[in-house]
Amino acid sequence: ANKTYPDPSAIREELVQKYPAKVAKKRTKSIIINDPETVPEVQANVRTVPGIITQRGCSYAGCKGVVLGPTRDIVNITHGPIGCSFYSWLTRRNQTKPETDADANFITYCFSTDMQEENIVFGGEKKLKVAIQEAYDLFHPKSIAIFSTCPVGLIGDDVHAAAREMKEKLGDCNVFGFSCEGYRGVSQSAGHHIANNGVFKHMVGRNNEKKEGKFRLNLLGEYNIGGDAFEIERIFKKCGITLVSSFSGNSTVGQLENAHMADLNVIMCHRSINYMGEMMETKYGIPWMKINFVGAESSAKSLRRIAQYFGDEGLKAKVEEVIAEELPKVKAVIDEIRPRTEGKTAMLFVGGSRAHHYQDLFTELGMTTVAAGYEFAHRDDYEGREVLPGIKIDADSKNIEELKVEADPELYKPRKSEAELEALKAEGLEINGYEGMMKQMMKKSLVVDDISHYESEKLIEIYKPDIFCAGIKEKYVVQKMGVPLKQLHSYDYGGPYTGFEGAVNFYRDIDRMVNNPVWKLIKAPWETAAGENDGVLEA
Ligand code: CFN
Ligand code: HCA
């Protein structure tokens, strides 16, 4: 199964060859031949060249859809023309499970001010305040959040002033706004940052009640796509680990307001929520630790890391017991499937964390990742981030206001002393750090940031991977080339893929895709004479 490919530097040349010289020069800095030992620099989090078809989304999507969207009892009002709200209406497949039928769940609703021309010309604040009042009267939510779309910033509506006024007027409802206009920053990543700042400022720290439980943590950067968080919750429960709050899959307003009472933040998706981890560390003294529950081995490792952090022998034993119970069931499925997947190749071009995490699941199937990249991650997600403390090697766009965070004199309490942190570090437990994607990828594999549509077509033509992982915009174009595309955003209506049960789901889905004979019946454009496979129906 050892496949040979052209020299990666020749591939890199070919990818940019058709671009104008200036564009080629810029793109070359984002197309990197990997070396896990001395990880090279990757140009990331820069503006996409206009005209290039990017996979990226916008700031509003990152703020409203990604970070705030999954919390079930906030009413999220999109201030803008209806399209922004409509296209972010449940498409991300973030699931939620209210504890009782009486619990609020607004996730299935789509709230918008539905701005019209008149509002663009004369201002939309009045309409926004009416919308807030209407939402309050209908649902009596604990919180209402307002999300700015592009025109809001362009016409100068002040969503924050409107929120303050309505919060005052309503009394028992926390109303706050986000300046997450789509054009801010260079991608949805800016929206994550804006959302983190807003949630930290307006929600975290409002409830100081200390919940029961010996090992209390927050799960950061897990959004319950396809039920992923449910599987992690199942495992935590089995181990006796208490989940105080989740940012933000299957979460509630109450949880987020109480998050600062936990003793550890574990981070799944570093890209979207690292700001929250850092701010909670600064203000409350809660360390954060990168974990990964995508992949059976990674899940086991993550559980062991959590037990190591708490340093409790009982927890360590319980975690081993759970792993010993769960892992053999997974291994049995791997043994069955692996002969059919061994030696096959994958490419992953997704978001800001999954292009890394899902490589572990492919490794468990004996598959090799020949090329991967993020849509909007920053250099730290590729190259890794130094251990301790608060190191920023990559700044967000200038027009995101940074929150000034200081230790809270009442509530700041280092959960671990400097000496304890040093001791854990000496044991190999990385606190407040992240290794990044490239250290885990093979030498000479290709890393491409913000891949363009054209570059991905070229890569497929050159490598002919057995599976390509991306999103809905890429799916059918790639499949028409005879290569199956697995959506790693929405999971193609499948999932969960986290933890032990999720790993089994993933293996089975991938097996079905890469071993389906239908792909051989499709002729890729480079295999057909011009026009033969152009999709035009003939009588
Ligand atoms: S659920 Fe997450 S895991 S939050 Fe982020 S970086 Fe998006 S919505 Mo799509 S699937 Fe994707 Fe990640 Fe974090 Fe999702 S890889 S692009 S903004 N993402
Ligand atoms: C977003 C959301 C998205 C899009 C997925 C896709 C998601 O970026 O706004 O392109 O298929 O996961 O739903 O990333």
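Each ligand, and each atom within it, is numbered from 1 in the order the structure gives.
- Residue contact annotation: C269 places an N/O/S atom under 2.8 Å from atom 13 (Fe) of ligand 1.
- The residue among R354, R92, H489 with a heavy atom at the shortest distance from atom 8 (S) of ligand 1 is R92.
- Applying the side-chain contact (heavy atoms from CB on, under 4.5 Å) rule to T71 yields the partners D73, I74, S248, S251, V253, L256; only residues at least two apart in sequence or on another chain are considered.
- Aromatic ring orientation, Y284 versus H260: tilted (interplanar angle from 30° to 60°).
- Pairs of residues two or more places apart, or lying in two chains, that qualify as salt bridge (Lys or Arg N to Asp or Glu O under 4.0 Å) and include a residue from residues 502-511 are E336-R508, R340-D511, D509-R512.
- When heavy-atom distances to ligand 1 are checked against a 4.0 Å cut-off, F376 comes that close only through its side chain, counted from C-beta outward.
- Contact atoms of ligand 1 toward I225: 1 (S) (distance under 4.0 Å to a heavy atom of the residue).
- For atom 4 (S) of ligand 1, the closest heavy atom belonging to the protein is Y223 CE1, 3.3 Å.
- In this structure, a donor-acceptor pair under 3.5 Å is present between the side chains of Y223 and S272.
- Annotation for ligand 1: atoms under 4.0 Å from non-hydrogen atoms of H192 are 17 (S).
- A donor-acceptor pair under 3.5 Å links the side-chain atoms of R72 to the main chain of K97, judged by distance alone.
- Atom 18 (N) of ligand 1 lies below 4.0 Å from none of the non-hydrogen atoms of the protein.
- Distances from atom 12 (Fe) of ligand 1 to the heavy atoms of G471, S248, G249, S353 put S353 nearest.
- K473 pairs by the salt bridge (Lys or Arg N to Asp or Glu O under 4.0 Å) definition with nothing, not counting sequence neighbours.
- In this structure, ligand 2 sits under 4.0 Å from heavy atoms belonging to A61, R92, Q188, G471, I472, K473, H489.
- Within ligand 1, counting atoms from 1 as listed, the ones closer than 4.0 Å to a heavy atom of G352 are 6 (S), 12 (Fe), 15 (S).
- At a heavy-atom distance under 4.0 Å, only side-chain atoms of S272, from C-beta outward, approach ligand 1.
- Of the N and O atoms on the side chains of T113 and H79, at least one donor lies less than 3.5 Å from an acceptor on the other residue.
- Taking the charged nitrogens against the carboxylate oxygens, K238 and E326 do have a contact shorter than 4.0 Å, which makes a salt bridge.
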**OP:** Using the side chain to side chain donor-acceptor pair (under 3.5 Å) rule, take N224 and Q95 through it: C-alpha gap first, then chi angles, then the decisive distance, then the call.
**Re:** CA-CA 6 Å; N224 205 19; Q95 302 189 358; 5.3 Å; no

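- Between the side chains of D381 and H270, a donor-acceptor pair is found at a separation under 3.5 Å.
- Within 6.0 Å of NZ in K301 there are 12 or fewer heavy atoms belonging to other residues, nucleotides or ligands.
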